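Predicted model, so just to flag it, every value in this text is computed and none were measured.
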Amino acid sequence: MELVLYTLLGKGYPLKDVIDAASRVGFDAVDIRLHEDGCHITSSIKEAEIKEIKKLVSDKGLKISGITTYYRVGLCDKNAWLTSYDGIKRAIEILNMFGGQFLRISSTDLDFEKGYEEQRRYFREQVLMVSEYAKKTNSVATIEQHFGLITSSAGEIVDLMRDIDTKNMGIVYDPGNTLMEGYERPDIQIEMLKNLIKNVHIKNGSVKGMQPNNKFYIVEWTKIDKGNLDWKLIIEKLKNIGYKGYLTLEDFAEFGSLEEKLTYDLNYLKSLL
């Protein structure tokens, strides 16, 4: 397994500085965030800038594992889906210019007016479209497991993705997010998801209770070796199913500095590998 820094952890820092920090601490790769808010790249990025970033990453002894976006699948509104699909195709074009492999996208929350079964049909149609486009471009699209969305639990994901070819489509397994919604024992989640897992997000938290609206649990983000998740057990289980992919750091715990966080987390993760 290789250790990746998701550049969102350097929010507020120029991308160059985040790449520098990842290199100094000893990560293997970076996962670059694409969002129209400008942290760290946008869909309007020019080819010249992509080449410049790619060279910087290479010069620092790193590689680009992929890019993270917020485009969605499972949208019931046709125009909203076509807009999202255009964004996904542009993001894959950017991904290929970077030389990365994985594109992260998102699902959407349940549309209660349509109902689960109808939305499941939209979801699967759109996933197959993305999968086919990813296949043509030799890339892999991954849907993040995330609270508040229809891909919060392993059970939901397995139902939505059943029998879909996993060569160019899968998920970002995120047990930290399941602490807020969708929790199942991590070893069971991994056993259920298996070949769907194309990337893993690393963070930890401590559950403090239920929110007033009873929608999500309240989670206080902790250092990755201090919360409710046993990362030693999770990584052992990932090894047992033959997972050899990326472990992408998405740690939201408070530290004195970015470099302090990265050093602490990397040392801990290396002790588990």
Heavy atoms of other groups near R121 CZ, more than 12 under 6.0 Å: yes
Audit row: D225, W231, side chain to side chain contact (heavy atoms under 4.5 Å, CB included) steps and yes/no: CA-CA 7 Å; D225 59 338; W231 275 104; over 6 Å; no
Shortest non-hydrogen contact between A22 and L62, atoms and distance: CB-CD1, 4.0 Å
Donor-acceptor contact below 3.5 Å, side chain E144 vs main chain S106: no
Check: D109 main-chain N/O paired with Q119 side-chain donor or acceptor under 3.5 Å: yes
From M161, M169, K167, residue fulfilling side-chain contact (heavy atoms from CB on, under 4.5 Å) relative to D165: K167
Any side-chain donor near an acceptor of the partner, D31 and T68, under 3.5 Å: yes
Side-chain donor-acceptor contact under 3.5 Å, N177 with K203: yes
Distance-only polar pair, side chains of E156 and Q145, donor-acceptor under 3.5 Å: no
R72 NZ/CZ over Y85 ring centroid, <6.0 Å and within 45° of normal: no
From E52 atom CD to I45 atom CD1, the distance as rounded to the nearest 0.5 Å: 9.0 Å
Centroid separation Y173 to H201 less than 6.0 Å: no
Side chain R33, main chain Y6, donor-acceptor under 3.5 Å: no
Any donor-acceptor pair under 3.5 Å from R162 side chain to I157 backbone: no
Check: D174 main-chain N/O paired with T178 side-chain donor or acceptor under 3.5 Å: no
Polar side-chain atom of T108 near backbone of L75 as donor-acceptor pair, under 3.5 Å: no
Pair T248-N199, side-chain donor/acceptor within less than 3.5 Å: yes
Check: A134 main-chain N/O paired with T137 side-chain donor or acceptor under 3.5 Å: yes
OH/Y217: more than 12 non-hydrogen atoms of other groups inside 6.0 Å: no
Other residues, nucleotides, ligands: >12 heavy atoms within 6.0 Å of K135 NZ: no
Euclidean distance, L110 CG relative to I150 CD1, rounded to 0.5 Å: 7.0 Å
D28/K63 ion pair, N-O < 4.0 Å: no
Chi angles and distances behind the salt bridge (charged side-chain N to carboxylate O under 4.0 Å, His left out) call for E254, K261: CA-CA 8 Å; E254 294 292 330; K261 174 187 285 191; over 6 Å; no
More than 12 heavy atoms from other groups under 6.0 Å of OH on Y13: no
Donor-acceptor pair, side chain of T263 and main chain of E260, under 3.5 angstrom: no
Under 3.5 Å donor-acceptor, S153 side chain and G182 backbone: no
Qualifying residue, where the test is side-chain contact (heavy atoms from CB on, under 4.5 Å) with I67 and the options are I94, T7, V30, I92: I94
Axial cation check for Y122 ring with K114, 6.0 Å and 45° limits: no
